[in-house]
There are 2 protein chains.
Amino acid sequence: MKSSWFTALVRTSDVFELLRDGRPRTRAQLAEATGLARSTIAARVEVLMRLGLVAPYGDARSTGGRPPSLFALNPAARVVAGIDIGATHAVAVLADLSGAILGELREDLDIAQGPEVVLGWATATVERLLDGAGRPHRDLAAIGIGLPGPVEHSSGRPINPPIMPGWDRHDVPATVQRTFAVPVLIDNDVNIMALGEQQTHLPDVDDLVFIKVATGIGAGIITGGRLQRGAQGTAGDLGHVRVSSGTGVPCRCGNEGCLEAVAAGPALAARLTGAGVPARSGQDVVDLVRSGELAAIQQVRQAGRDLGEVVATMVNLINPSVVVIGGRLADAGEHLIAGIREVVYQRSLPLATEHLRIVASVAGAQAGVLGAATMAIGHVLSPEAIEVAASQIS
Amino acid sequence: MKSSWFTALVRTSDVFELLRDGRPRTRAQLAEATGLARSTIAARVEVLMRLGLVAPYGDARSTGGRPPSLFALNPAARVVAGIDIGATHAVAVLADLSGAILGELREDLDIAQGPEVVLGWATATVERLLDGAGRPHRDLAAIGIGLPGPVEHSSGRPINPPIMPGWDRHDVPATVQRTFAVPVLIDNDVNIMALGEQQTHLPDVDDLVFIKVATGIGAGIITGGRLQRGAQGTAGDLGHVRVSSGTGVPCRCGNEGCLEAVAAGPALAARLTGAGVPARSGQDVVDLVRSGELAAIQQVRQAGRDLGEVVATMVNLINPSVVVIGGRLADAGEHLIAGIREVVYQRSLPLATEHLRIVASVAGAQAGVLGAATMAIGHVLSPEAIEVAASQIS
């Protein structure tokens, strides 16, 4: 891209967007690159410094009474919290605006204790993380939270979440904001896992499906570089797509034959138990696979084929370049993914699978919490959020 | 949105984006709204006038030797051609940059005649449209073309198109550009139908699936307001998703049980013929339905249920707010859509269907060609295209 005067006309070339790359620039360089008047540049840099997003760079402070001459993004000035709340455990991180992790805490936590208890833990944990990092409350710029159920992202309210008694339509941001008066972003767990996996291991991939296989089955879909939530925020719900091996099998949703009813952890554990190999949970199934138990390996392989039937459909409909398999069942190793690949390469169109990769999650158990932090950082650095913050200080 | 100086910092507020709304503005207003220096504004307006995208407004020309003082988007100055090429017929329109249709021509045309013949018709038709509207070649800013097969949008090449012998990997833009040295955008027919339906009848809908049911079955997917083509441009291929009633039915793709093998026009015609009601094509099936033939109505209703099985999956995975049914089979009236609704409302998740509308295409046979023109206009007015055009004249 050339940097002529014309570039400034047609690109989103405002001051902050320029500084987001981390390179320091002078006011004159910013004026030249944007075409903005020098006086305008000076006023805007002042606002960005007051927001803590931009800081004088290098030895600029040491030149006595002169105003600083170089400015750059200041990722260490503000922090965000990312929180991933699962059915029975939770994890939280503190990160700066570059995504560097400043602290992490995990705890066993039952989501069924309801929003007051669980969100009370969350805010107390953010306070502990801030204390541990020696950062005052005012450094916190935003909080991102993932929850294990459907969420209306725009309002931050869970909608009819099946495993979250007491949470239906609870105003999660308002509860958290009683302690921290910052933006609070909420999404479901698999959407933040998709964001976390992309951010940390697939930053150049624009078309990505992340599938979580655990007690439930769900997907986070990134296309054209953006997380796709759909009209009501329910995009990616593949757990209740019907699969051929599910005929006659009832599902907790009220239908029959759903993928989740045959291929999620509880279904595998129940079938193994019925076959004389006792297993209470998906984790037991994973442990049995790792110990070489043939019946467990066969069950996981078949779960892979059932998943593959729906993944084949997703590949035809969405045409991702990478399908990432995460969640507890992914810990069963290659057996699950082998079953998925078997069906996808048989059922999907050659053009759609020619460059397709089907891989296990690398971020693993950290995907969700890293994605929650990524979601919070994305909000803090968004033009909309900067505009709101600036209007509050000006 | 407030128009303070801060807005200019954080919004995509360049001169052309401001003028795209059609309201005339003075240089001073443009400078104030963008924060750009007056001299910068003057130079940029000059370039936009030379590109024909912006023109002096109102009585500004009549003030003698003074330079014009008001400027506005000039949608009538340039035109685009939109061309929708089907298996056996083609249609082309000439439109100005506001989308107003200046001329339209249709012809029976066999795509199997190959790219030289078919694209020769296309360029000759654009010349006739330009002549008919009294516009010189140089007014043409871009051409958008839809083709009935998979297309690599970035290169404009069809990839293994099943019903287009001789077209595989043909450089369609280069062939067209032998006659018209303008940008040529290519996409598959159902993607441009989705664009055309949205542009003309659903401009406020950001999450939309357009399903074409004809000789083949395919979908155009718009989520978050953008057409989603996927990593290889094959997104929306629902014709080869397996459906339960298809067990054992071979498909031309080499698999069995594909939706297209049981619910597209040829499958319905064959089944009706086998049942003693002769039909050669999907059009015959539509005619039989309209004449009240019960066997045909039953077949179309069942095709709707088969479609509904895949649409239910799409609703779970993509969560659109509107599903539009188009293509020749949609002319069979409510029977097809009734079958789709029957299964979708049974199979999809309540939250995803609560506000879902499943409707027949309103744009109908014009959806494709209007979408092709929309695609061309979108390109002409894009920042990237303006930058390229400006660099060529400066």
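Just so it is clear: chains get the letters A, B, ... in the order the sequence lines come, proteins before strands, and each one is counted from 1.
For A/N319, the parts sitting under 4.5 Å from any heavy atom of chain B are the backbone and the side chain alike. For a residue to count as touching a neighbouring chain, one of its non-hydrogen atoms must lie under 4.5 Å from one of that chain's; by this rule A/L349 touches chain B with the side chain only. Heavy atoms closer than 4.5 Å to chain B are found in both the backbone and the side chain of A/A352. Heavy atoms of B/S321 lying under 4.5 Å from chain A belong to its backbone as well as its side chain. The part of B/P150 that comes within reach of chain A is its side chain, from C-beta onward, which places non-hydrogen atoms under 4.5 angstrom from that chain.
Chosen from A/R229, A/H355, A/E354, the residue pairing most often with chain B at heavy-atom distances under 4.5 Å is A/H355. Listed options A/Q232, A/Q228, A/R347, A/H240 were ranked by heavy-atom pairs under 4.5 angstrom with chain B; first place goes to A/R347. Chosen from A/N160, A/I221, A/T313, the residue pairing most often with chain B at heavy-atom distances under 4.5 Å is A/T313. With chain B as the partner, the residue from A/G236, A/A312, A/S348 showing the most heavy-atom pairs under 4.5 Å is A/G236. Note on A/L208, A/V315, A/T223, A/L238: by heavy-atom pairs under 4.5 Å with chain B, the leading option is A/T223. The candidate with the highest count of non-hydrogen atom pairs below 4.5 Å against chain B, out of A/L351, A/L356, A/I318, is A/L351.
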What do the steps show when you test A/E309 against B/R242 for salt bridge (Lys or Arg N to Asp or Glu O under 4.0 Å), and what is the final call?
CA-CA 9 Å; A/E309 205 174 305; B/R242 191 186 293 215; over 6 Å; no
Worked check of side chain to side chain contact (heavy atoms under 4.5 Å, CB included) between A/F71 and A/M49
CA-CA 9 Å; A/F71 304 91; A/M49 286 202 293; 3.7 Å; yes
List the steps and the verdict of side chain to side chain contact (heavy atoms under 4.5 Å, CB included) for B/D207 and B/V322.
CA-CA 7 Å; B/D207 299 278; B/V322 182; over 6 Å; no
Going through the checks in order, is the side chain to side chain contact (heavy atoms under 4.5 Å, CB included) test met by B/I222 and B/V205?
CA-CA 9 Å; B/I222 294 173; B/V205 173; over 6 Å; no
When you look at A/L317 and B/D237, which way does the side chain to side chain contact (heavy atoms under 4.5 Å, CB included) test go after all the steps?
CA-CA 5 Å; A/L317 295 180; B/D237 201 326; over 6 Å; no
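A side-chain N or O of A/S245 and one of A/D306 form a donor-acceptor pair less than 3.5 Å apart.
Within residues 250-260 of chain A, the residues having any heavy atom less than 4.5 Å from a heavy atom of chain B are, in residue-number order, A/N255, A/E256, A/C258.
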